[in-house]
Amino acid sequence: MSDKFYCPLPFVHQFVCADGIAMCCRPGKRHDMTIQEFEDSEYLKSVRQQLVNGEIPQECQICKQEEDRGQPSIRTQALVEYGVSQGPA
């Protein structure tokens, strides 16, 4: 794994529930839009760009805090599940 903070979920996953759609199942803002609208949204593009840049989006702070405590997170589980050993170059 590179030193960059990276999560594959915003690139390959959507969490759809009764109160909206989000990039993962973590607590946070749910968006009232279709899957396609969410996929094309400026919000998701911004989160993806932050990850490509090695930045930690606000939405990802819960995973970062868990990892800092030495606990597994949704992000680390997704890295294993999707076979990602490092973020994009």
Side-chain angles (χ1 to χ4, degrees):
M1 180 84 192
S2 73
D3 291 338
K4 286 186 174 185
F5 184 93
Y6 178 74
C7 180
L9 292 180
F11 298 90
V12 298
H13 176 88
Q14 290 95 27
F15 179 71
V16 180
C17 56
D19 62 345
I21 188 170
M23 62 183 182
C24 74
C25 63
R26 287 298 194 184
K29 182 172 172 37
R30 304 284 191 246
H31 300 268
D32 185 19
M33 57 182 70
T34 68
I35 292 172
Q36 189 60 52
E37 289 169 340
F38 184 72
E39 185 69 27
D40 296 334
S41 70
E42 290 302 316
Y43 163 77
L44 192 56
K45 289 177 186 175
S46 173
V47 168
R48 289 172 174 166
Q49 188 61 53
Q50 289 175 67
L51 289 167
V52 168
N53 293 343
E55 300 166 7
I56 305 172
Q58 180 62 38
E59 297 84 345
C60 301
Q61 290 299 320
I62 294 172
C63 283
K64 175 71 170 118
Q65 291 168 1
E66 289 173 342
E67 294 166 23
D68 288 347
R69 291 190 303 264
Q71 300 172 324
S73 69
I74 297 292
R75 181 186 85 89
T76 56
Q77 293 171 11
L79 291 169
V80 171
E81 181 178 335
Y82 289 99
V84 178
S85 60
Q86 63 185 30

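From a predicted model like this one, the values you see are computed outputs, not experimental measurements.
- The CD atom of Gln36 lies 9.0 Å from the CD atom of Gln14; values are rounded to the nearest 0.5 Å.
- Looking at every heavy atom in both residues, Arg48 comes nearest to Pro10 through NE-O, 2.8 Å.
- Leu44 and Ile62 fall into different hydrophobic clusters, where Ile, Leu, Val, Met, Phe, Trp and Tyr are joined by side-chain heavy atoms under 4.5 Å apart, directly or via other members.
- His13 places none of its side-chain heavy atoms less than 4.5 Å from the side chain of Cys7.
- Side-chain contact between Ser41 and His31 is absent, with no heavy atoms from C-beta onward closer than 4.5 Å.
- Ile74 is listed as a side-chain neighbour of Gln77, based on a closest heavy-atom distance under 4.5 Å.
- Counting heavy atoms of neighbouring residues, nucleotides and ligands inside a 6.0 Å radius, atom CD of Gln71 exceeds 12 of them.
- For the pair Glu67 and Lys64, the salt-bridge criterion is not met [side-chain N within less than 4.0 Å of a carboxylate O].
- Ile35 and Phe15 sit in two unconnected hydrophobic clusters of ILVMFWY residues. Membership requires side-chain heavy atoms under 4.5 Å apart, directly or through other members.
- Evaluation of the side-chain contact (heavy atoms from CB on, under 4.5 Å) rule for Gln50 yields Ser46, Glu55, Pro57 as partners, not counting sequence neighbours.
- For the pair Leu51 and Phe11, the minimum side-chain heavy-atom distance is below 4.5 Å.
- The heavy-atom pair separating Leu9 from Tyr82 by the smallest distance is CD2-CE1, 3.8 Å.
- Using a cutoff of 4.0 Å between basic side-chain nitrogens and carboxylate oxygens, Arg75 and Glu59 are not scored as salt-bridged.
- The local environment of CG in Asp68 is crowded, with over 12 non-hydrogen atoms from other residues, nucleotides or ligands closer than 6.0 Å.
- For Glu37, the side-chain contact (heavy atoms from CB on, under 4.5 Å) partners two or more places apart in sequence, or in a different chain, are Met33, Thr34.
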